[in-house]
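The residues of the chain are indexed from 1 along the displayed sequence. All heavy atoms count here, side chains included; hydrogens, waters and symmetry mates do not.
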Amino acid sequence: MVDQAIWSKKMSNGTRRIPVVPEQARAYNKQMRPAILDHNSDVAWTSTSHRPEYLVGEEALFVNPAEGYNIHFPIRKGQLNVHTGPGGSLTAVLTDLETIWSHVLQKILEIQLKDLKFYRCILLIPDIYNRQHVKEMVNMVLVKMGFSGVIVLQESVCAVYGSGLSSACVVDIGDQKTSVCCVEDGISHRNTRLCLAYGGSDVTRCFFWLMQRAGFPYRECQLTNLLDSLLLQQLKETFTHLDQDICGLQDHEFQVRRPDAPALLYQLRLGDEKLQAPMALFYPATFGISGQKMTCLQHRSPGDPEDPHDEHYLVATQSKQDQSSKAAAERKAIPKPGMFEDARGQAMDISGHMLESELGPSHSDCMGPGNDGEESAATLFSRKSMVSQFEGKALGLDKAILHSIDCCSSDDTKKKMYSSILVVGGGLMFHKAQQFLQHRILNKMPPSFRRVVENVEVITRPKDMDPRLIAWKGGAVLACLDTTQELWIYHREWQRFGVRMLRERAAFVW
């Protein structure tokens with residue numbers, strides 16, 4: 001499918017691309033042998049002679065495997081990395097995260113932990129968030145680390161503010177996940193949120209497989225080796241592109257520098273592999289991901305014992321109120337015999353209605369939308385089965401964007417989103433990615449909108465900023481606005497009210 005898509009799209013001069021088969025490059029690459037650049041690679045293992053309790057960042061990546069350290073990644077696929085292995089409990093993951101943040105604050109920002117009571121913190125969370133994880137992170141920031149206050153903001157909303165827009169369909173392509181959602185006037189629409197289980201690291205893995213098929217000369221390369229993974233990411237960022245005009249075989253070279261080994265120079269010849277790898281984002285079956293959900297949606301809260309007035313409570317009471325007001329309206333509309341005409345009688349009659357409506361209908365009716373129990377259970381089951389079928393699908397990037405926009409409530413909002421598609425994160429920083437994505441959206445959008453949307457615009461570098469930093473820029477902008485001053489959650493309030501403060505102060509529906 002990828003090869004067919006490449007061949008079917010003409011180059012800018014109107015001619016068809018000439019496909020390059022891997023065999024043409026393989027014969028050349030197979031005979032390549034590395035040249036020694038230098039007997040000293042100038043790369044060393046992290047020094048652990050003083051046996052530090054922990055190492056953070058690049059120091060951790062360059063620890064000699066023979067030293068016996070465990071490497072932990074507290075965040076995977078945009079969520080806290082809770083798993084069944086060593087250090088995989090929620091408490092252990094939060095402790096690792098606290099260690100990393102404390103290290104960065106002290107060593108890089110030069111802020112002592114005892115001084116954090118003079119600072120406030122902005123906590124960016126994913127659009128599809130886990131309430132329990134957010135609650136624990138806020139608790140860690142305020143209670144354990146000791147910040148005086150915190151604002152919790154969603155990444156997509158921050159990205160929109162950081163790029164200077166008011167509304168946009170935000171496409172956040174990270175290393176291990178891709179999230180899409182529509183933001184209008186600072187609010188992330190819940191129904192439009194999608195999280196796809198692939199990202200930049202899957203493109204790297206796909207590129208490695210394609211290079212191996214073309215006789216990759218660095219034959220000792222292993223995806224399980226952290227240093228080799230970093231090299232492959234560098235090769236992806238250097239060689240891959242989404243430019244249809246670049247075709248034919250081309251020669252490249254790259255260096256391999258490893259601790260305690262000479263620096264090596266490899267020659268490499270590649271053809272369409274450089275275009276095929278990033279195109280896998282639009283044909284995610286290419287990644288061969290199995291045994292997990294490919295698409296995640298925002299699910300209802302399972303409830304929290306510390307927050308009795310949660311959305312389940314609100315749904316139940318809203319249904320009760322609606323039925324009570326309906327009953328009251330019907331009683332007012334039908335005059336009853338024996339009704340007193342004087343003011344005192346009217347008051348008695350109304351108070352009678354009020355008493356009855358407060359008691360309300362039976363509990364089972366309150367929880368449903370007015371249907372009997374069997375019907376609501378069947379509806380719930382069909383909805384769940386539809387969601388599970390949808391979550392099993394591997395949506396391509398362009399289809400995910402179109403689906404998210406289609407979930408907007410009104411045509412006016414959809415038109416806004418088509419004219420402002422904001423791409424952030426580091427996963428789509430390929431040459432000509434903006435034009436490529438724009439062309440695919442234009443070709444696949446519904447004809448009814450193609451006629452009324454004046455300009456489909458895909459923004460990949462707003463204000464010429466690094467798209468990986470947009471969300472952080474937006475968080476800084478939001479923290480300075482007068483309107484966000486009432487969103488701060490302070491240490492003393494959190495200790496007194498706990499998670500209920502998130503319902504009161506979060507800038508989104510908790």
Side-chain angles (χ1 to χ4, degrees), residues 34 36-113 130 133 136-137 139-141 144-145 174-177 197 199-202 204-205 207-209 212 216 218-237 254-264 266 289 291-292 426:
I36 296 176
L37 280 178
D38 193 343
H39 288 284
N40 182 9
S41 65
D42 296 328
V43 176
W45 295 116
T46 300
S47 172
T48 55
S49 55
H50 55 297
R51 301 302 296 170
E53 185 185 348
Y54 63 84
L55 295 158
V56 170
E58 288 196 4
E59 283 188 341
L61 293 178
F62 281 87
V63 169
N64 191 330
E67 294 284 349
Y69 277 86
N70 283 326
I71 295 187
H72 294 179
F73 294 91
I75 295 178
R76 297 288 266 187
K77 297 188 180 295
Q79 302 286 348
L80 294 184
N81 184 23
V82 178
H83 56 88
T84 54
S89 68
L90 181 57
T91 307
V93 170
L94 288 165
T95 304
D96 289 341
L97 202 57
E98 185 182 347
T99 301
I100 293 171
W101 289 356
S102 300
H103 174 86
V104 170
L105 285 165
Q106 292 179 98
K107 301 293 181 187
I108 299 176
L109 299 181
E110 297 181 353
I111 300 171
Q112 296 305 308
L113 297 183
N130 182 311
H133 293 179
E136 295 295 342
M137 286 171 78
N139 191 65
M140 180 184 81
V141 164
K144 294 184 179 176
M145 295 182 73
D175 185 61
Q176 297 151 4
K177 61 90 190 172
S201 62
D202 296 290
T204 305
R205 190 166 49 81
F207 187 47
F208 177 46
W209 177 77
Q212 281 184 311
F216 189 48
Y218 175 33
R219 291 170 187 83
E220 299 79 19
C221 188
Q222 296 288 335
L223 276 170
T224 50
N225 184 314
L226 280 172
L227 299 187
D228 285 346
S229 294
L230 292 173
L231 170 70
L232 289 169
Q233 185 174 332
Q234 182 190 336
L235 295 182
K236 177 197 73 175
E237 291 171 1
F254 63 93
Q255 297 179 16
V256 176
R257 293 179 179 270
R258 294 288 174 268
D260 306 328
L264 302 175
Y266 285 88
I289 300 170
Q292 66 179 64

### Task
Output, in order, the C-alpha distance, side-chain angles, deciding distance and verdict of side chain to side chain contact (heavy atoms under 4.5 Å, CB included) for L223 and N225.
CA-CA 5 Å; L223 276 170; N225 184 314; over 6 Å; no

- Message: As a quick check of understanding, evaluate side chain to side chain contact (heavy atoms under 4.5 Å, CB included) for N70 and H72, giving each step before the final call.
- Response: CA-CA 6 Å; N70 283 326; H72 294 179; 3.6 Å; yes

If you apply the rule ring pair (Phe, Tyr, Trp, His ring centres under 6.0 Å), what do you find for F216 with F254, and how did you get there? CA-CA 11 Å; F216 189 48; F254 63 93; 5.5 Å; yes

Could you walk me through whether I75 and N81 pass the side chain to side chain contact (heavy atoms under 4.5 Å, CB included) check?
CA-CA 5 Å; I75 295 178; N81 184 23; 5.8 Å; no

Inset, instruction - Let me see the working for V256 and R258 under side chain to side chain contact (heavy atoms under 4.5 Å, CB included), right down to the final yes or no. - result: CA-CA 7 Å; V256 176; R258 294 288 174 268; 4.1 Å; yes

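With hydrogens and angles ignored, the 3.5 Å screen pairs no side-chain donor or acceptor of T48 with any backbone N or O of R51. Looking at K236, its side chain never comes within 3.5 Å of a backbone N or O of L231 through a donor-acceptor pair. For R257 (side chain) and S41 (main-chain N/O), a donor-acceptor pair under 3.5 Å exists by modelled atom type. Put simply, the side chain of T46 gets close to the backbone of F62: a donor and an acceptor are under 3.5 Å apart. Proximity of a side-chain donor or acceptor of D202 to a complementary backbone N or O of G199 within less than 3.5 Å is detected. Proximity of a side-chain donor or acceptor of S201 to a complementary backbone N or O of D175 within less than 3.5 Å is detected. The main-chain N or O of G85 is found under 3.5 Å from a side-chain atom of H83 such that the two form a donor-acceptor pair.
To the nearest 0.5 Å, atom CH2 of residue W101 and atom CG of residue L94 are 8.5 Å apart. Atoms CD and OG1, from Q234 and T204 in turn, are 11.5 Å apart once rounded to the nearest 0.5 Å. For the atom pair NZ of K177 and CZ of R76, the computed distance is 14.0 Å after rounding to the nearest 0.5 Å. How far CG of N130 is from CD of Q79: 6.5 Å, rounded to the nearest 0.5 Å. The structure places CD of Q222 at 10.0 Å from OG of S229, a figure rounded to the nearest 0.5 Å. For the atom pair CD1 (I111) and OG (S102), the distance works out to 11.5 Å, reported to the nearest 0.5 Å.
Contact detail for G87 and D96: the closest heavy-atom pair is O-OD2, 4.4 Å. Of all the heavy atoms in I289 and A197, the pair that sits closest is CD1-O, 3.4 Å. The minimum heavy-atom distance linking I100 with P74 is given by the pair CD1-CG, 3.6 Å. When all heavy atoms are compared, the tightest approach of V141 to M145 is O-CB, 3.6 Å. Taking every heavy atom of both residues into account, L227 and L61 meet most closely at CD2-O, 4.0 Å. Nearest heavy atoms, E98 versus M140: CB-SD, 3.7 Å.
Contact annotation: the side chain of L37 approaches that of Q255 to within less than 4.5 Å [non-hydrogen atoms, C-beta and beyond]. Side chains of V82 and S89 form no contact here, defined as non-hydrogen atoms less than 4.5 Å apart.
Within 6.0 Å of CD on E58 lie no more than 12 heavy atoms contributed by other residues, nucleotides or ligands. In I36, the CD1 atom is not crowded: 12 or fewer heavy atoms of neighbouring residues, nucleotides or ligands sit closer than 6.0 Å.
E110 and Q106 share no side-chain donor-acceptor pair at under 3.5 Å. Looking only at atom types and distance, the side chain of Y218 has a donor-acceptor partner in the side chain of D228 under 3.5 Å away.
Geometrically, R205 does not engage F208 in a cation-pi contact defined by less than 6.0 Å to the ring centre and at most 45° from the axis.
Looking at E136 and K144, no side-chain N of the basic residue comes within less than 4.0 Å of a carboxylate O on the acidic one, giving no salt bridge.
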